[in-house]
Amino acid sequence: MNDYFTIRDDVAHPSDSELRGTEGKHDLTRNARLHPRIRYRDRVSEADLYDQAGRLLMHFFCPKCGQPLKVETPQKNLRVREGKISMDSFRCSWDGCGLHARVVDNLMVDVT
C-alpha cells in the first residue's frame, strides 16, 4: 500500500534561505521535537510536535477539512511513548468540519 503525505505550507522562503514554513523568520521544521506521521483512514500526514517548557504542543492539519489545528497538554492529554503519539478525543475547531477523533499510537480514529 502506498503512503501519501500531506505537508502544507512547507515552502521555501523567498530569500533562498533554508527556512521552511509560512513564517520565514522561524525554522519551523528544525524547531520541532518530533515529526510524527499520523494515519487517518487512507491519509497519512506529518505533524510537528514541540516541547515548550514541559508542555507538549502539536500542530497538524485536519485530515477532513485541511485546516490547521493545534493541540496541547494538559487539555488533551497529549503523550509520547517510544516515538508514538497518543491523545484524548478532540474536535476540529473549524465551522462545518465535524471531525471528532482521537489518536492512539499515531493512528487517528473517529469517535462515535
Side-chain angles (χ1 to χ4, degrees):
M1 180 165 135
N2 291 332
D3 286 338
Y4 296 96
F5 298 93
T6 303
I7 302 173
R8 297 182 54 159
D9 297 323
D10 196 22
V11 296
H13 187 260
S15 68
D16 264 348
S17 69
E18 292 190 20
L19 298 179
R20 296 282 184 257
T22 57
E23 293 293 326
K25 60 187 174 215
H26 299 289
D27 190 337
L28 300 176
T29 302
R30 290 187 187 160
N31 289 339
R33 176 179 161 193
L34 283 174
H35 301 284
R37 291 184 178 139
I38 298 174
R39 178 178 294 278
Y40 176 74
R41 297 183 183 177
D42 63 344
R43 298 181 86 179
V44 176
S45 62
E46 183 174 290
D48 292 324
L49 181 76
Y50 302 91
D51 187 345
Q52 296 183 335
R55 229 179 69 222
L56 293 178
L57 173 71
M58 187 166 75
H59 286 266
F60 61 104
F61 289 89
C62 175
K64 189 171 179 183
C65 70
Q67 297 296 326
L69 297 174
K70 176 178 80 168
V71 173
E72 59 187 287
T73 57
Q75 292 91 343
K76 294 299 175 191
N77 194 19
L78 183 59
R79 11 190 222 285
V80 179
R81 187 177 52 122
E82 298 177 10
K84 295 195 179 221
I85 301 295
S86 295
M87 72 175 153
D88 293 345
S89 67
F90 68 95
R91 292 181 188 271
C92 178
S93 56
W94 292 86
D95 289 338
C97 178
L99 176 74
H100 186 199
R102 65 187 169 99
V103 178
V104 178
D105 292 337
N106 291 19
L107 178 63
M108 186 182 296
V109 295
D110 292 308
V111 173
T112 55

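What you see below is based on every heavy atom in this structure, not just the backbone, and it leaves out hydrogens, waters and symmetry mates.
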Nearest heavy-atom neighbours spanning [X] and [Y]:
X	Y	result
Phe61	Gly66	CD2-O, 3.4 Å
Val80	Leu34	CG1-CD1, 3.7 Å
Pro36	Met58	CG-SD, 4.4 Å
Arg39	Arg41	CG-O, 3.7 Å
Val71	Leu78	O-CD2, 3.9 Å

Any Met108 side-chain heavy atom under 4.5 Å of Pro63 side chain: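 Yes, at least one pair of side-chain atoms sits under 4.5 Å.
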Ion pair check, Arg102 and Asp110, cut-off under 4.0 Å: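 No, no charged N to carboxylate O under 4.0 Å.
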Joint hydrophobic cluster, Val103 plus Leu49, side-chain heavy atoms closer than 4.5 Å: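 Shared cluster, yes.
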Can any side-chain N or O of [X] pair as donor or acceptor with the backbone N or O of [Y] at less than 3.5 Å?
X	Y	answer
Lys70	His59	no
Asn106	Ile38	no
Arg79	Asn77	yes
Thr73	Arg55	no

Check: Asp48/His35 side-chain N/O donor and acceptor closer than 3.5 Å: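 Distance-only check passes for Asp48 and His35.
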Straight-line distance of Cys62 SG to Leu99 CG, nearest 0.5 Å: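 Interatomic distance, Cys62 SG to Leu99 CG, rounded to 0.5 Å: 4.5 Å.
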Approximate separation, where rounding is to 0.5 Å, of Phe60 CZ and Leu69 CG: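 Taking CZ in Phe60 and CG in Leu69, the distance rounds to 4.5 Å.
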CA sep, side-chain torsions, deciding dist, call: Arg33, Leu56, side chain to side chain contact (heavy atoms under 4.5 Å, CB included): CA-CA 9 Å; Arg33 176 179 161 193; Leu56 293 178; 3.3 Å; yes
Table please: side-chain donor-acceptor pairs of residues 82-94 below 3.5 Å, with sequence neighbours left out.
unit_1, atom_1, unit_2, atom_2, d
Ser86, OG, Asp105, N, 3.0
Trp94, NE1, Pro68, O, 3.0

